[in-house]
Amino acid sequence: MTKKYVVANWKMSPTSTAEAEDILAYIDEYLKNKTNNKEHSLIICPPFVFLDDVSRVLNTSRLSQQAELGAQDIALADSGAWTGEVSGPMLKRLGVEYVIVGHSERRWKINESNEVVNKKLKTILANDLTPIVCVGEKVRDENFKEFLKKQIEATFTGLSADEIGKCLIAYEPVWAISSNPDARPDTPESALESISIIQDCLTKSYSLMANRYLYGGSITASNVQSFLSLEQIAGVLVGGASVKKEEFVQILKNL
Ligand code: PGA
């Protein structure tokens with residue numbers, strides 16, 4: 001059975017190390033008593049301030065076999081005067097293996113352009129880390145296909161097929177993200193339609209035939225299976241539900 005990715009994007013939560021440890025202990029307890037044989041690759045992406053604590057827990061619990069560490073952002077440069085930034089080499093020293101890039105909250109709330117996303121993506125790869133590249137339209141109107149194609153081309157420009165092959169690509173329609181007041185999850189069918197647009201675009205531009213595509217946007221225990229049962233969807237990116245420990249473990253149970 002192919003392993004499915006479950007990426008926990010904790011965003012700007014929780015509020016303390018104790019809470020972070022509590023979430024991890026709950027997942028660890030579930031893994032200890034796990035009765036189903038569904039396989040998954042768990043990637044926990046806490047805020048920078050908790051990376052060290054989460055890394056320590058992952059290294060000293062059962063989670064070390066089942067979970068890896070991800071960061072939510074990276075500095076454009078590896079060193080130098082960049083107030084407030086955290087560099088790739090710093091992330092690596094903390095045991096980080098994955099970095100989320102191009103998340104819609106950074107694109108739309110912090111105005112990160114495609115150009116910046118593209119530079120960060122190259123920085124992640126140059127540091128030998130695995131990018132989790134988020135793409136997705138803001139509204140699903142008659143222009144969404146065009147929007148998606150332009151975003152993909154600008155995001156991946158200058159990368160080789162080999163480099164793109166190293167990425168996890170998360171299709172996250174902005175309108176489906178739970179922090180959005182009118183959020184509703186996408187349907188697996190329309191997520192597939194978008195993933196095939198992304199795939200086509202990458203295939204045409206880079207002769208890239210296959211990749212690892214994730215879906216993200218209002219994933220819960222009750223809808224996770226409908227997405228992950230599709231062969232073309234290699235995993236899910238979970239935001240809000242990933243810091244609700246009972247819901248998150250229920251997601252793992254329902255894979
Ligand atoms: P959500 O967030 O699961 O809360 O919709 C997903 C994301 O923003 O990555």
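Treat the numbers as computed from the prediction; the structure is a model and nothing was measured. Start at 1 and go down the list; that is how both ligands and their atoms are numbered.
A 4.5 Å side-chain heavy-atom check between Q72 and N9 finds at least one atom pair inside the cut-off.
Nearest protein neighbour of atom 3 (O) of ligand 1, counting heavy atoms only, is G239 N, 2.8 Å. Here the heavy atom of the protein found nearest to atom 2 (O) of ligand 1 is K11 NZ, 3.3 Å. Of all protein heavy atoms, the one lying nearest to atom 4 (O) of ligand 1 is S178 OG, 2.5 Å.
In plain terms, the two heavy atoms of V7 and L214 that are nearest each other are CG2-CD1, 3.8 Å.
Judged by the 6.0 Å and 45° rule, K138 forms no cation-pi pair with W175.
Remark: ligand 1 atoms within the under-4.0 Å shell around heavy atoms of E172 are 6 (C), 7 (C), 8 (O), 9 (O). Within the listing of ligand 1, atoms 2 (O), 5 (O), 8 (O) sit less than 4.0 angstrom from a heavy atom of I177. Interface atoms of ligand 1 facing G240, defined by a heavy-atom separation under 4.0 Å, are 1 (P), 3 (O), 4 (O). Close approach to G217 involves these atoms of ligand 1, each under 4.0 Å from a residue heavy atom: 5 (O). Atom numbering of ligand 1 starts at 1 in the shown order; those under 4.0 Å from a heavy atom of N9 are 9 (O).
For a threshold of 3.5 Å applied to N or O pairs, the pair formed by G216 and ligand 1 contains no separation below that value. Between L237 and ligand 1, a contact under 3.5 Å exists for no N or O pair. Below 3.5 Å of separation, one finds an N or O of S218 facing an N or O of ligand 1.
For T15 and E19, the side-chain atoms include at least one donor-acceptor pair closer than 3.5 Å. A donor-acceptor pair shorter than 3.5 Å cannot be found between the side chains of S64 and N59. A donor-acceptor contact under 3.5 angstrom links the side chains of R140 and S194, judged on distance only. For S41 and Y5, the side-chain atoms include no donor-acceptor pair closer than 3.5 Å.
Ion pairing of E112 with K120 is present here, as a side-chain N (NZ or NE/NH1/NH2) and a carboxylate O approach within less than 4.0 Å.
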